[in-house]
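Working notes, structure below.
Every chain is numbered from 1, with letters handed out A, B, ... down the list of sequences. Computed from a predicted model, the values in this text were never measured in an experiment.
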Amino acid sequence: MFDIKLMRENLEMVKANALRRGCDVDVDALAAMDKEYLGLIKEVEDLRAERNRLSKECQKNPEAREIVKTMKVTLGEKETRMTELKAKIDEQMSWMPNLLSDEVPDGADDKDNAVIKHVGKKPEFAFKGLDHQEIGEKLGIIDTARGAKVAASGFYYWVGKGAQLTQAMYFWAQKELVARGFTLFMSPCLAKERTLYGTGYLPFFSDQTYLIQGEDLALIGTSEQTLVGYHTDETLEAESLPLRYTAYTPCFRTEAGSYGKESRGIFRVHQFHKVEQIIFCLPEDSPACHEECLVNEEYLLQQLGIPYRVVNVCVGDMGAPGYKKYDIEAWYPGFGSYREVTSNTNLTEFQSRRLNIRYKDKEGNRGFVHTISATGLTDRVVCAILENYQQEDGSVVVPEVLRPYTGFDVIAPN
RNA sequence: GGAGAGAUGGCUGAGCGGUCUAAGGCAGCGGUCUUGAAAACCGCCGUAGGUUCCACCUACCGUGGGUUCGAAUCCCACUCUCUCCGCCA
């Protein structure tokens, strides 16, 4: 969400941005409503001022009472119209995408993302590499069949050493992020509508959300929702910024409409797990904080020994809340392709305006903070470990950095 | 889940139909005093929106409605917090 004043002062720019981002809000109609709304504010406020003035006279001048009574009818009508108009404007504004960085490439989908760099050496196998699903099944560490039996298709178990490896990775990642100045949270895994709306998941991704029947609660799609929502309606001291937060939570997504897409393995599932990076910062610092999160993501993958590439996400592949976004795609030798494992978005003031998260500095300057939302690691990275560290005998070697946390060096077939 | 109490500015705390943006205190900011600091004294000290923008107007006392010429104050609903009881990882 951007300041509506921007639209008043720079209509063509806002229109062009909406067009480029495929937003179907009628910006001209919105601007017209806003114009009418501004006029109504003036009328209503003038009427209120007059009413307030007359009300003060009522005790000594009974006639004023009658005047105000008739005024109230007109005022009431105008107030109703104003409220309705405001609701319509807010509804339309909630669908308006964020502005875009100049550095965002054009393009329609992920094939148009601009590859920035390749890092790490792809493993070379003297045998036919398997994908993580096959590896996981053979080692008995991924169980999708029972996930479907107990919950539903799209759920799975990490079992035995697979679960140990996964937990080791998350524990290690949290420790690394804490060492980089992040505060660790254990977060609620449900959130209310306002929180999902405020973080931009509503109204844009409403069909991805699991709602709790009869309650104003939904399962979180990411801890971004609860970590950013943490400061809802707060004014942060500028000198306390940037605030760096991390949490490890499950993430729930209905994946409605994506059946058959990446259905192999546990790539697209209804529940996965994630260590998140969130930064609240001053507007001028957000580009640097965005880069900082990328550095952290890369560091984690490098330490794990996963080859990857970084892409600058194109306009067509970026969600409406984003201003600029980097994805990291890990190399999956079993699949024989790069696949998205992390994403890192500078949301500028899109979320902070919706959630009313502001900053105030010593000079009394105020504004909305910027937020950065980035992945740390997810279950997909464990899949990448399985595929990149597989051996000819079917075993999987544990990355060096995780061994202190797993207590074993290799996962071997029984 | 049952019973009770309460939600006012950064905090504390008055306010019970008009003189309320809201007393008093604390914290904070500026000044006097002082070699400097403390103390004392004086002044300032909410947010947002609108406009004819060094000024004025409007809104906001948990949220949403209602009564009234006029609501922090009266009525209704909701939310949240606290205390006690029950249950429980």
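A close approach under 4.0 Å does occur between a side-chain nitrogen or oxygen of A:K72 and OP1 or OP2 of B:rG70. Taking side-chain N and O atoms only, A:K5 has a distance below 4.0 Å to OP1 or OP2 of B:rG50. For the pair A:R65 and B:rU68, the criterion of a side-chain N or O lying under 4.0 Å from OP1 or OP2 is not met. Distances shorter than 4.0 Å separate none of the side-chain N or O atoms of A:R358 from OP1 or OP2 on B:rG46. Residue A:N52 places no side-chain N or O under 4.0 Å from the OP1 or OP2 atom of B:rC57. OP1 or OP2 of B:rA59 lies within a sub-4.0 Å distance of a side-chain N or O belonging to A:R51.
If you take CG of A:L75 and C1' of B:rC69, they are 12 Å apart, rounded to a whole angstrom. Remark: P of B:rG50 and CG of A:L40 are 14 Å apart, rounded to the nearest angstrom.
Partner assigned to B:rA39 is none, using Watson-Crick or G-U wobble distances below 3.5 angstrom. Base-pair partner of B:rG46: B:rC60 (Watson-Crick or G-U wobble, both distances under 3.5 Å). In this entry B:rU79 has B:rA7 as its Watson-Crick or G-U wobble partner, both defining distances falling under 3.5 Å.
Within 4.0 Å (heavy atoms only), A:K56 reaches no atom of the nucleic acid at all. Counting any heavy atom pair closer than 4.0 Å across all strands shown, A:A49 reaches sugar-phosphate atoms only and no base atom. Within the nucleic acid shown, A:R8 comes within 4.0 Å of sugar-phosphate atoms alone, with no base atom in reach, counting heavy atoms only.
A cation-pi arrangement, defined by a distance under 6.0 Å to the six-membered ring centre and an angle within 45 degrees of its axis, is present between A:R180 and A:Y299.
Neither side chain, A:Y156 nor A:H270, offers a donor N or O lying under 3.5 Å from an acceptor on the other. No side-chain N or O of A:E176 forms a donor-acceptor pair with one of A:Q303 less than 3.5 Å apart. When only modelled atom types and interatomic distance are considered, A:T232 and A:N356 share no side-chain donor-acceptor pair under 3.5 Å.
Rounded to a whole angstrom, the distance from the P atom of B:rC54 to that of B:rG18 is 35 Å. Using atom P as the reference point in both B:rC53 and B:rC57, the two lie 15 Å apart (nearest Å).
Side chain of A:E45, nearest nucleotide from B:rU47, B:rG70, B:rG49: B:rG49. Distances were taken from every side-chain heavy atom of A:R48 (C-beta onward) to each of B:rU58, B:rU51, B:rC69; the shortest belongs to B:rU58.
Under the side-chain contact (heavy atoms from CB on, under 4.5 Å) rule, A:I306 has a single partner from A:L301, A:I328, A:L377, which is A:L301.
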